Amino acid sequence: MSSQQQEKYEESELYRIRHSAAHIMAQAVMEMFEPGEAQIAIGPPIEDGFYYDFDLPRPLTPEDLVAIEKRMRQIIAGQHKFEKKAVSAEEAKAMFADQPYKIELIEGLETGGVDEYGEPLDEKPEISFYSHDAFTDLCRGPHVEHTGKINPSAIKLLHIAGAYWRGDEKRPMLQRIYGTAWKNKDELEAHLGRLEEAKKRDHRRLGKELDLFSVSPDVGSGLILWHPKGALVRHLAEEFCKDEHLANGYDFVYSPHIGRGQLWEKSGHLKWYQENMYSPLDIEGNEYYLKPMNCPFHIEIFKSRVRSYRDLPMRFAEWGTVYRYERSGVLHGLMRVRGFTQDDAHLFCREDQMPEEIDRVLDFCLHLLRGFGMNEFKAYLSTRDPQKSAGDTQRWDDATEALRAALDRVGLDYEVDEGGAAFYGPKIDLKMIDALGREWQLSTIQFDFNLPERFELIYIGEDGERRQPYMIHRALLGSMERFMGVLIEHYGGAFPLWLAPVQAIVIPIADRHIPYAEEVAARMEAAGLRVEVDARGDRMNAKIRDAQNQKIPFMLVVGDHEVENNVVAPRLRSEERLDALRVEDLIGRMQKDIEDRM
RNA sequence: GCCACUGUGGCUCAAUGGUAGAGCAAUCGCUUCGUAAGCGAUGGGUUAUGGGUUCGAUUCCCAUCAGUGGCUCCA
């Protein structure tokens with residue numbers, strides 16, 4: 001890796017280009033309105049581009065975007081110098097007297113010790129302006145030397161979105177324009193090409209094209225219908241995981257979809273989580289709630305008899321389907337839904353078992369994800385917030401230490417979210433990146449110091465004393481819905497052989513080859529493979545095209561030559577063509593790949 | 001939930017203030033073909049839903065529902 005690539009983004013030329021492009025865009029937008037009509041908020045560079053937030057007298061339209069972009073190019077052509085000027089807070093406020101958002105930012109810098117994003121600053125920063133042409137912004141820089149340093153054919157405004165001032169939903173909704181800027185036209189086009197490619201991997205699109213799942217407005221938003229092929233992939237994924245759970249010391253349990261109000265009262269969900277729960281059902285005068293989590297049920301199983309220290313650790317696992325109210329605007333394909341199935345488990349263990357239990361579960365988690373070819377995830381450790389934490393501080397510290405040690409031992413890079421834990425315990429989260437670059441949390445391993453207290457969980461120790469077990473809540477794939485969404489995008493719909501809903505399709509060249517094709521398929525099916533025959537009257541070329549688009553791993557062409565020699569001519573979806581093979585040899589090869597989960 | 005945009009046959013999309021058209025898919029027929037689309041015919045839409053404006057709405061307006069991009073949220 002060259003030093004160029006290791007350069008910090010904040011210090012790079014691209015960063016200055018994008019930051020400057022944001023200022024130029026702000027100038028273009030301000031010029032569209034009378035003085036005093038439009039307010040500017042903040043406009044930083046971001047990954048691959050920049051944005052700027054405005055408070056404007058009317059909504060922007062896509063046509064405005066075109067006009068703004070055009071004006072930006074004119075400003076660029078003017079080669080206006082970016083000039084910095086350090087000022088006092090008083091001067092700054094006088095300068096931005098008609099810009100309330102800027103005044104708030106200046107006051108934050110001056111007194112509150114927070115930067116433009118509301119992040120705390122160590123020391124009082126210098127207040128400075130950057131000016132170019134007729135536009136001046138409160139800004140710490142850096143910028144390019146002059147506007148002409150920006151390549152006018154390497155910028156593009158992408159879309160308009162709403163954004164709350166300072167990210168606070170109680171404050172005004174501003175209009176944000178997102179743009180992208182690069183060093184030259186080729187880089188811009190490469191970036192736009194990557195966005196196009198990413199769209200092709202979008203699980204919502206592939207879900208339709210490969211006939212995996214759908215949602216129906218009549219069923220409801222955020223409620224997934226799994227079609228046969230999608231259900232098969234999910235089944236295979238679950239089967240693998242369930243077998244691994246059994247092999248790794250888990251016991252499966254089942255619990256119902258609803259539970260009485262008093263259960264959720266006791267667990268605290270009605271107090272802390274009610275806004276995510278659906279209204280209760282009335283059953284003979286009793287209130288029942290759809291479960292948003294499985295924990296209380298697993299706890300009841302633990303509590304169903306007296307547990308001895310000899311019984312621990314206990315690991316109750318369940319593919320538990322939960323329902324949570326999510327605000328309509330956050331729903332997203334399979335990634336964010338209202339009904340989903342967690343690969344949930346609750347671990348109950350003794351104090352002396354706890355560190356090993358954490359090691360085991362993290363290893364197991366990585367084992368499962370890697371079983372699906374996933375090796376790149378972001379890990380987060382969330383620690384105690386002293387302001388809001390339930391349970392014993394010593395236990396918190398021990399638990400956090402165990403999590404940290406486990407992460408260090410497996411050598412995962414992780415980010416520590418100080419004080420980011422929920423009130424009931426520290427946790428590790430693993431997140432994956434989707435096709436569009438968004439992060440989605442899959443795995444979570446979290447301690448719970450609250451529920452054991454509320455449900456008075458105990459086991460009898462070696463000394464005959466009643467002790468409280470450690471309780472660890474964990475979901476490794478997270479939810480099957482989200483996991484499938486990530487999995488589809490990870491493979492771009494081209495599932496490995498062991499997961500492919502159709503593993504091979506036999507393509508007869510002419511109708512007279514159909515009986516042989518059927519025979520080949522039957523022999524393969526007898527060996528446990530998932531095979532179809534394309535007996536349509538279309539030409540072979542059309543059948544191959546369809547099979548390619550369906551991303552079927554093996555296409556087996558059979559014509560006169562194959563019938564005569566009792567072989568098949570395999571084509572892989574990589575477009576590689578194999579030499580003609582006897583069916584038995586092909587079966588052997590495929591079975592080996594399946595066993596190796598290729 | 002908030003801001004903006006979108007909603008036309010299964011899919012992708014076109015068109016218009018005078019009740020809609022293409023390609024793919026489907027069905028049928030012809031073709032029987034050697035590694036990414038053979039040819040032809042046929043059927044299929046009360047233009048998301050409910051109101052309003054208008055002589056007339058799918059087109060304009062409002063509401064609702066759903067989706068998309070963001071923001072907020074995300075035990």
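Here the structure is a predicted model, which means the values were calculated and not measured. Keep in mind that the numbers below use all heavy atoms, side chains included, and drop hydrogens, waters and symmetry copies. Order of the sequence lines fixes the chain letters, A, B, ..., with proteins taken first and strands second; residue numbering starts at 1 for each chain.
Between A:Leu369 and A:Ser443 the shortest heavy-atom distance is CD1-OG, 3.7 Å.
In this structure, A:Phe423 reaches the bases: a heavy-atom distance under 4.0 Å links it to at least one base atom across the strands shown. Within 4.0 Å of A:Ala569, counting heavy atoms only, lies at least one base atom of the nucleic acid. Residue contacts shown for A:Glu562 include a base, since a base heavy atom lies under 4.0 Å away. Base contact: A:Glu575 has a heavy atom under 4.0 Å from a base atom. Among the protein residues, A:His513 comes within range of no part of the nucleic acid, since none of its heavy atoms lies under 4.0 Å from any strand. In this structure, A:Asp511 reaches the bases: a heavy-atom distance under 4.0 Å links it to at least one base atom across the strands shown. Using a 4.0 Å heavy-atom cutoff across all strands shown, A:Lys170 reaches no nucleic acid atom at all. Nucleic acid contact for A:Arg171: none, since no nucleic acid atom lies under 4.0 Å from a heavy atom of the residue. Using a 4.0 Å heavy-atom cutoff across all strands shown, A:Gly329 reaches at least one base atom of the nucleic acid. Across all strands shown, A:Tyr178 has heavy atoms under 4.0 Å from sugar-phosphate atoms exclusively, and none from any base. Across all strands, A:Arg176 comes closer than 4.0 Å only to sugar-phosphate atoms, never to a base (heavy-atom distances). Residue contacts shown for A:Arg204 are limited to sugar-phosphate atoms, with no base heavy atom under 4.0 Å away. Contacts of A:Asn276 with the nucleic acid, taken as non-hydrogen atoms under 4.0 Å apart, are absent. Using a 4.0 Å heavy-atom criterion, one finds that A:His561 contacts the bases of the nucleic acid, with or without backbone contacts as well.
With C1' as the reference atom, B:rC30 and B:rG50 are 49 Å apart, rounded to whole Å. Between B:rU53 and B:rC60, the two C1' atoms lie 8 Å apart (nearest whole Å). The C1' atoms of B:rU46 and B:rG40 are separated by 31 Å, rounded to the nearest whole Å. A distance of about 10 Å separates the P atoms of B:rU64 and B:rG1, rounded to the whole Å. Comparing B:rA41 with B:rA63, their P atoms are spaced 47 Å from each other, to the whole Å. B:rG52 and B:rU16: their P atoms are spaced 27 Å apart (whole Å). Rounded to whole Å, the P atom of B:rA37 lies 35 Å from the corresponding atom of B:rG70. B:rC33 sits 41 Å from B:rU47 when the C1' atoms are compared, rounded to a whole Å.
The number of heavy atoms from other shown groups lying within 6.0 Å of CD (A:Glu326) is above 12. Other residues, nucleotides and ligands contribute at most 12 non-hydrogen atoms within 6.0 Å of the NZ atom of A:Lys70. For NZ of A:Lys431, the number of neighbouring non-hydrogen atoms (other residues, nucleotides, ligands) closer than 6.0 Å is greater than 12.
Mapping A:Ile544 and A:Gly220 onto RNA chain B via the closest heavy atom, the residue that lands nearer the 5' end is A:Ile544. Between A:Ala422 and A:Asp168, the one whose closest nucleotide on RNA chain B sits nearer the 5' end is A:Asp168.
Taking the centre and axis of the six-membered ring of A:Trp440, the NZ or CZ atom of A:Arg336 falls outside the cone set by 45° and 6.0 Å. Note that A:Arg454 lies outside the cation-pi zone of A:Trp264, set by a 6.0 Å cut-off to the ring centre and a 45° limit from the axis.
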Derivation and outcome, ring pair (Phe, Tyr, Trp, His ring centres under 6.0 Å), residues A:His346 and A:Phe316: CA-CA 5 Å; A:His346 293 91; A:Phe316 295 151; 8.8 Å; no

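Not one N or O on the side chain of A:Gln342 forms a donor-acceptor pair closer than 3.5 Å with the backbone of A:Met293. A donor-acceptor pair under 3.5 Å is absent between the side-chain atoms of A:Gln39 and the main chain of A:Gln99, judged by distance alone.
Proximity of A:Glu418 to A:Ser382: side-chain heavy atoms (C-beta onward) are nowhere separated by under 4.5 Å.
The span of RNA chain B lying next to chain A, judged by atoms under 4.0 Å from heavy atoms, is bounded 5' to 3' by B:rG1 to B:rA75.
With rounding to the nearest 0.5 angstrom, the CD1 atom of A:Ile488 is 12.0 Å from the CG atom of A:Asp434.
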How is the base pairing of RNA chain B summarised as a dot-bracket string, given the Watson-Crick and G-U wobble criteria with both distances under 3.5 Å, [ ] for crossing and | for another strand? (((((((..((((....[..)))).(((((.......))))).....(((((..]....))))))))))))....

